[in-house]
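All remarks here apply to the structure that follows.
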Amino acid sequence: MLLERAGRVLAIETDARLVAYLQERFKTELQPAPAGKLELLHADALQYLRTTPRDWANWKLVANLPYSVASPLLVELAQAEYRPERLVATLQSEVADRLVAGQVMTITACSRS
């Protein structure tokens, strides 16, 4: 669905098995730009953000972030000189609680029964 609607998708994944599956599943979309709409990196997203300067200003982040990197990754992006236009992330409730501690904020929570 993201590939259908987005101009370009950058996916960063640390799990080698998942990267191999995604490379096979999205062969066509992984063609070199401008033909390919998907860039797939086998990397640590937090390390990538800290070591690879990038203008994120016209990007929208859509992510399912693991507990261990959610807070530092979101802080890194929020403090970037050219931060993303929008951040949409699935987080564990403990991470969300830490992020909004002391803040007046509306959070929309969705769950499936």
Side-chain angles (χ1 to χ4, degrees):
M1 185 175 224
L2 280 176
L3 286 171
E4 293 171 9
R5 296 179 182 233
R8 187 124 175 90
V9 173
L10 169 63
I12 305 172
E13 177 56 55
T14 59
D15 184 325
R17 292 177 301 170
L18 183 53
V19 169
Y21 169 79
L22 293 172
Q23 287 171 331
E24 180 63 30
R25 168 70 174 80
F26 294 102
K27 277 185 211 175
T28 304
E29 293 84 352
L30 283 165
Q31 299 302 315
K37 293 184 73 173
L38 174 62
E39 180 180 357
L40 176 61
L41 301 178
H42 180 208
D44 176 282
L46 185 56
Q47 190 66 26
Y48 178 83
L49 288 175
R50 289 180 173 164
T51 60
T52 309
R54 192 170 192 138
D55 181 351
W56 297 103
N58 292 318
W59 287 76
K60 296 169 186 75
L61 171 78
V62 179
N64 179 11
L65 299 173
Y67 180 84
S68 61
V69 297
S71 293
L73 195 139
L74 291 173
V75 168
E76 193 77 28
L77 282 168
Q79 292 179 346
E81 183 175 357
Y82 302 105
R83 58 186 161 267
E85 180 181 317
R86 178 171 293 167
L87 300 168
V88 178
T90 301
L91 307 170
Q92 287 182 277
S93 61
E94 295 84 1
V95 175
D97 290 343
R98 279 195 329 221
L99 289 173
V100 298
Q103 302 292 320
V104 177
M105 192 176 267
T106 302
I107 296 179
T108 304
C110 300
S111 65
R112 293 186 181 176
S113 303

*Sole residue of Val69, Leu46, Val19, Asp44 in side-chain contact (heavy atoms from CB on, under 4.5 Å) with Thr14*: Asp44

*Please round to the nearest 0.5 Å and tell me the distance separating atom CG of Leu10 and atom NZ of Lys37.*
14.0 Å

*asked:* If you count every heavy atom of other residues, nucleotides or ligands that lies below 6.0 Å from Asn58 atom CG, does the total exceed 12?
replied: no

*asked:* Would you say Trp56 ends up clustered with Val62 if hydrophobic residues are merged whenever their side chains have heavy atoms under 4.5 Å apart, either directly or through other cluster members?
replied: no

*Quick one: pull up CD in Gln23 and CG in Leu18 and give me the separation to the nearest 0.5 Å.*
10.0 Å

_Quick check for you: to the nearest 0.5 Å, what is the distance between Leu49 atom CG and Leu61 atom CG?_
8.5 Å

*Among the clusters formed by ILVMFWY side chains lying less than 4.5 Å apart, do Leu3 and Leu22 turn up in the same one?*
yes

*Same hydrophobic cluster for Val75 and Leu91, using side-chain heavy-atom links shorter than 4.5 Å among ILVMFWY?*
no

_So which atom in Pro53 and which in Thr51 form the shortest heavy-atom distance, rounded to 0.1 Å?_
CD-O, 3.5 Å

*Could you walk me through whether Leu40 and Phe26 pass side-chain contact (heavy atoms from CB on, under 4.5 Å), step by step?*
CA-CA 10 Å; Leu40 176 61; Phe26 294 102; over 6 Å; no

*Could you note down all residue pairs passing side chain to side chain donor-acceptor pair (under 3.5 Å) where residues 86-95 supplies at least one of them, sequence neighbours left out?*
none

*What's the spacing between Glu24 CD and Leu30 CG if we round to 0.5 Å?*
10.5 Å

*asked:* Give me the atom names and distance for the closest heavy-atom approach of Ala6 to Val9.
replied: CB-CG2, 3.8 Å

_Within this structure, what is the CG-CZ distance for the pair Leu38 and Arg25, rounded to the nearest 0.5 Å?_
10.5 Å

*How long is the gap from CD1 on Ile12 to NE2 on His42, to the nearest 0.5 Å?*
12.0 Å

*Shared ILVMFWY cluster between Trp59 and Leu2, side chains joined below 4.5 angstrom?*
no

